[in-house]
Amino acid sequence: MKELVEVIAKALVEKPDEVVVTESETDDMIRVELKVASSDMGKVIGRRGRIAKAIRSVVKAASSRNDKKVVVDIVE
């Protein structure tokens with residue numbers, strides 16, 4: 001999931017070298033944290049959170065093969 005979020009985020013932002021994606025896993029959940037430059041935050045979130053919601057939907061569809069829930073957090 002980490003690679004998927006990284007590819008999507010780098011395609012959206014103006015400073016792709018500042019995109020940092022970390023992944024942590026527990027027994028029943030995978031947490032993916034996305035960090036981008038503060039100037040690119042709006043591009044990743046989108047109006048009313050539409051882009052962020054779309055990223056989460058794509059990750060959810062890609063993770064449907066395994067039994068773990070995937071949570072994507074966008075942090076500053």
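The first residue of the sequence shown is numbered 1, and numbering continues consecutively from there. Side-chain atoms are counted along with the backbone in the values below, which use heavy atoms only and exclude waters and symmetry mates.
Residues V44 and I51 are members of one and the same hydrophobic cluster, defined by side-chain heavy-atom contacts under 4.5 angstrom among Ile, Leu, Val, Met, Phe, Trp and Tyr. Hydrophobic clustering, with ILVMFWY side chains joined whenever heavy atoms are under 4.5 angstrom apart, groups L12 together with M41.
Looking at V20, V19, I8 one by one, the single match for side-chain contact (heavy atoms from CB on, under 4.5 Å) with L34 turns out to be V19. Considering V70, V71, I30 as possible partners of V59, the one that fulfils the side-chain contact (heavy atoms from CB on, under 4.5 Å) test is V70.
Between the CD1 atom in I55 and the CD1 atom in I74 there is a gap of 5.5 Å [rounded to 0.5 Å]. The NZ atom of K15 sits 7.0 Å away from atom OG of S38, with the distance rounded to the nearest 0.5 Å. To the nearest 0.5 Å, atoms CE (M29) and CG (D27) are separated by 10.5 Å. Rounding to the nearest 0.5 Å gives a distance of 10.5 Å between NZ of K60 and NZ of K53. Separating the OG atom in S63 from the NZ atom in K69 is a distance of 10.5 Å, to the nearest 0.5 Å.
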### Task
Would you please test E6 and K10 for salt bridge (charged side-chain N to carboxylate O under 4.0 Å, His left out) and show each step?
CA-CA 6 Å; E6 190 172 353; K10 284 185 177 184; 3.2 Å; yes
### Trace of the side-chain contact (heavy atoms from CB on, under 4.5 Å) decision for R31 with D73
CA-CA 7 Å; R31 179 177 304 276; D73 289 332; 2.5 Å; yes
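With a 4.5 Å cut-off on side-chain heavy atoms, E23 and M1 count as touching. Counting heavy atoms from C-beta on, the side chains of K68 and E25 come closer than 4.5 Å. The shortest distance between side-chain heavy atoms of S39 and E14 does not fall below 4.5 Å. Taking 4.5 Å as the limit, every side-chain heavy atom of V32 sits out of range of all side-chain heavy atoms of T22.
No more than 12 heavy atoms of other residues, nucleotides or ligands lie within 6.0 Å of CG in D67, so this atom counts as exposed by the packing criterion.
For R56 (side chain) and V72 (main-chain N/O), a donor-acceptor pair under 3.5 Å exists by modelled atom type.
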